[in-house]
Amino acid sequence: MLNYTFSKREKVLLLVLAAILVLLAWYLFVWQAAAAQRQAIDADIAEAQAQTIVANNRLASMDSMQSAIAERKAAGVAPVQLPDFDNTTALMAQLNTVLASTVDYKLTFDDLDRSAEGIVARGVTITFGCESIDAARNVMAQLEQGPFVCAVDASSIVSTNAAYNRNANARVGVGTYRNVAAPYAVGLHAVFYEKA
């Protein structure tokens, strides 16, 4: 048989090589696995913190809504029920009643918004003329406090007086100009809600 005796230098080199192999194995199998687990844990922590922030915001919103509901109940305001989908006939009758005191009203309906589960949002842009700012505010209040759940999310009231408007045309809404035979021109966007 072959008998080979390693020199001292070869033994040192073999020990160095063995140490390098052990370090390489430790790096590949221990260090990288631990680093990957740490990154996964850090990602889980960040996600949990984000979910906590969202949950806290929802909780604050719910608390705010519950206190608003309690205030309304204490004030004797009766809850308004959402009408069933396609409440168009009754809605048009209500809009005609509310807008009867205005001048030259026009309605432009948006596409239905079904993004909220169980709720259909029916947006409408309403333009009309009126005699005073208070009359315009009264129309908006009647819409919001009427029998159908409604939110006026944008409005503008513009004087049709030539002294305030060089063209004697009132700007109602974005990019819409109309001659209005009333002291004030009003443009508003309302959203009515129905059960899907």
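Bear in mind that the values here come from a model prediction, so they are computed numbers and not experimental data. Just so you know, these numbers use all the heavy atoms, side chains as well, and skip hydrogens, waters and symmetry mates. Throughout, numbering of the chain's residues begins at 1 and tracks the sequence.
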Inset, instruction - Go through the side-chain N and O atoms of S115 and D113 and say whether any donor and acceptor fall under 3.5 Å apart. - result: yes
How far apart are the closest heavy atoms of [X] and [Y], and which atoms are they?
X    : Y    : result
A190 : C150 : CB-SG, 3.9 Å
Y184 : S159 : CD2-CA, 3.8 Å
C130 : P183 : O-CD, 3.4 Å
D86  : E194 : N-OE1, 2.9 Å
F6   : K11  : O-CE, 3.4 Å
A121 : Y193 : CB-CE2, 3.9 Å

Measuring only between side-chain heavy atoms, which start at C-beta, is [X] closer than 4.5 Å to [Y]?
X    : Y    : answer
I45  : I41  : yes
T102 : V186 : no
F192 : L95  : yes
I157 : M140 : yes

Pairwise distance [atom1]([X]) to [atom2]([Y]) - rounded to 0.5 angstrom:
X    : Y    : atom1 : atom2 : value
L15  : E10  : CG    : CD    : 12.0 Å
H189 : T125 : NE2   : OG1   : 4.5 Å
L91  : F148 : CG    : CZ    : 6.5 Å
Q37  : D44  : CD    : CG    : 11.5 Å
S101 : N138 : OG    : CG    : 7.0 Å
T88  : R122 : OG1   : CZ    : 3.5 Å

Closer than 3.5 angstrom, by distance alone: can the side chain of [X] be matched with the main-chain N or O of [Y] as a donor-acceptor pair?
X    : Y    : value
N96  : M92  : yes
S64  : A60  : no
E144 : V152 : yes

Inset, instruction - Let me see the working for L59 and D63 under side chain to side chain contact (heavy atoms under 4.5 Å, CB included), right down to the final yes or no. - result: CA-CA 6 Å; L59 184 61; D63 289 343; 4.1 Å; yes
Identify whether [X] and [Y] are in the same connected component of the hydrophobic contact network (ILVMFWY, side-chain heavy atoms under 4.5 Å).
X    : Y    : answer
L143 : L107 : yes
I133 : V98  : yes
L112 : V149 : no
F29  : Y27  : yes
L14  : V12  : no

Legend entry - F109, CZ: over 12 other non-hydrogen atoms inside 6.0 angstrom: yes
Legend entry - D111 CG: over 12 foreign heavy atoms closer than 6.0 Å: no
